[in-house]
Amino acid sequence: MALENETIIKLENLTKRYGYGDAASFALKDFDLTVKRGEFIMIMGPSGCGKTTLLNIIGLLDTPTSGNFLLNDESASRISARRQARLRSKKIGFIFQNFNLIPDLPIIENVALPLVYSGYHKTRRLIRASEVLARFNLKEKEYYMPFQLSGGQQQRAAIARAIVAGPEIILADEPTGNLDSHSSQLVMEELKRIHSEGNTIIMVTHNQSLTQYATRVINMLDGTIDTDLKTVKDSDLPVPVSARKKKAKIKKKTKKKRSKK
Ligand SMILES: Nc1ncnc2c1ncn2[C@@H]1O[C@H](COP(=O)(O)OP(=O)(O)OP(=O)(O)O)[C@@H](O)[C@H]1O
Ligand SMILES: [Mg+2]
């Protein structure tokens, strides 16, 4: 029995084309990628090589021109628009370079937004948002408007929003691109903690020194993968708390079997 985490994302022969005929250009070309639950992937590569396009497709914000995209073994093209919206809210958390907080909503309401699909009533959603903000040391700023926060604080609020609904996949597009090195480090420590809880993170960065946090580093070039290096074995990836007992049991059983042999 395999002890590895399951495949959560699979891209096969994926292409994203803009324009037609002589004017056609490819943001992604024959792109293949398999992501296991618990990976922390950093994507690097020159401007225009397709990094944002890739994240947008994985996050169901964009669709490929051709090829297959499987999310938890389900073909994304078969998922209805309605369910896609639910998945974006519940299963996938987005973090952007420019934070993308809604300017005329207080921080707490920004963070509570993805809980719209949770079935909680508004007070419960705000309580939950407040709890998460406390984890990010932003409790005393929860009723501030986004413009009243520093860049680092806004990004921490944006991460709080990305994880409030307990998503399994976090997609981050240069989340530290607009931050000074201290704020950058705080943001990375948060992502590290979220990853250690068994979540899957795919992050785009131009900063080579951040790859120390990754379990896998992919360099892209002209819409394809140039290099792909795993620094942590699949069997050593973190496991979600809910699955930990199950995995421990399987490990024990396999050990027993082996010692009997
Ligand atoms: N809506 C669009 N119409 C036409 N071409 C597009 C469109 N969106 C993206 N592209 C092209 O697709 C390619 C990949 O863009 P993408 O934004 O994914 O690059 P990136 O790797 O994220 O770059 P950066 O590091 O600058 O953010 C680029 O050549 C870009 O011009
Ligand atoms: Mg980009």
Side-chain angles (χ1 to χ4, degrees), residues 8-35 39-71 76-77 81 84-85 87-88 92-102 151-152 154-156 158-159 161-162 167 169-181 183-184 187-188 190-191 194-195 200-229:
I8 191 165
I9 293 163
K10 198 170 174 75
L11 308 179
E12 290 171 321
N13 214 10
L14 206 87
T15 291
K16 178 73 180 181
R17 187 194 67 220
Y18 288 107
Y20 294 92
D22 289 347
S25 68
F26 292 87
L28 295 175
K29 210 169 182 180
D30 305 328
F31 199 94
D32 292 309
L33 178 68
T34 300
V35 181
E39 284 199 86
F40 190 158
I41 302 181
M42 294 233 182
I43 312 247
M44 303 193 68
S47 180
C49 72
K51 305 179 297 295
T52 297
T53 307
L54 176 68
L55 283 198
N56 286 346
I57 290 175
I58 294 175
L60 299 169
L61 293 174
D62 197 356
T63 50
T65 311
S66 62
N68 292 324
F69 166 29
L70 302 175
L71 190 59
S77 60
Q84 288 203 8
L87 286 173
R88 274 199 300 273
I92 302 167
F94 269 99
I95 306 165
F96 304 89
Q97 179 172 359
N98 54 0
F99 325 133
N100 279 19
L101 295 167
I102 294 178
Q154 286 189 55
Q155 193 58 305
R156 278 172 19 235
I159 299 179
R161 180 183 58 182
I169 303 170
I170 315 283
L171 302 173
D173 199 352
E174 297 189 51
T176 61
N178 283 339
L179 302 179
D180 60 70
S181 62
S183 306
S184 215
V187 161
M188 289 315 300
E190 285 305 337
L191 289 177
I194 293 163
H195 171 246
T200 310
I201 303 183
I202 306 179
M203 170 176 156
V204 169
T205 183
H206 283 286
N207 187 343
Q208 180 74 43
S209 69
L210 298 184
T211 55
Q212 56 170 308
Y213 292 92
T215 64
R216 180 177 183 185
V217 181
I218 293 177
N219 270 289
M220 284 178 63
L221 198 61
D222 293 337
T224 54
I225 291 181
D226 186 31
T227 61
D228 182 353
L229 181 70

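Both counts, for ligands and for their atoms, begin at 1 and track the order of listing. By convention here, the first residue in the shown sequence is residue 1.
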Residue and atom name of the nearest protein heavy atom (relative to [atom]), distance in Å to one decimal:
| atom | answer |
| --- | --- |
| atom 3 (N) of ligand 1 | Tyr18 CD2, 3.4 Å |
| atom 26 (O) of ligand 1 | Ser47 OG, 2.5 Å |
| atom 25 (O) of ligand 1 | Lys51 NZ, 2.7 Å |

Atom 28 (C) of ligand 1 touched by protein heavy atom at under 4.0 Å: yes

Sub-4.0 Å protein heavy atom near atom 12 (O) of ligand 1: yes

Would you compute the distance between atom [atom1] of [X] and atom [atom2] of [Y] and round it to the nearest 0.5 angstrom?
| X | Y | atom1 | atom2 | answer |
| --- | --- | --- | --- | --- |
| Thr224 | Phe26 | OG1 | CZ | 12.0 Å |
| Thr65 | Lys16 | OG1 | NZ | 5.0 Å |
| Glu39 | Ile169 | CD | CD1 | 11.5 Å |
| Ile201 | Met42 | CD1 | CE | 8.0 Å |
| Asp30 | Ile225 | CG | CD1 | 11.5 Å |
| Leu54 | Leu28 | CG | CG | 5.5 Å |

What atoms of ligand 1 come closer than 4.0 angstrom to any heavy atom of [X]?
| X | answer |
| --- | --- |
| Thr52 | 17 (O), 18 (O), 20 (P), 22 (O), 27 (O) |
| Gly50 | 14 (C), 18 (O), 19 (O), 20 (P), 21 (O) |
| Thr53 | 14 (C), 15 (O), 16 (P), 18 (O) |

Any N/O pair Gly48/ligand 1 closer than 3.5 Å: yes

Polar proximity ligand 1 side, Gly45 side, N/O cut 3.5 Å exclusive: no

Location of contacts on His206 toward ligand 1, heavy atoms closer than 4.0 Å: side chain

Over 12 non-hydrogen atoms of neighbours within 6.0 angstrom of CG in Asp222: no

Any Thr15 side-chain heavy atom under 4.5 Å of Pro64 side chain: no

Metal site the Mg ion (ligand 2): N/O/S of Thr52 inside 2.8 Å: yes

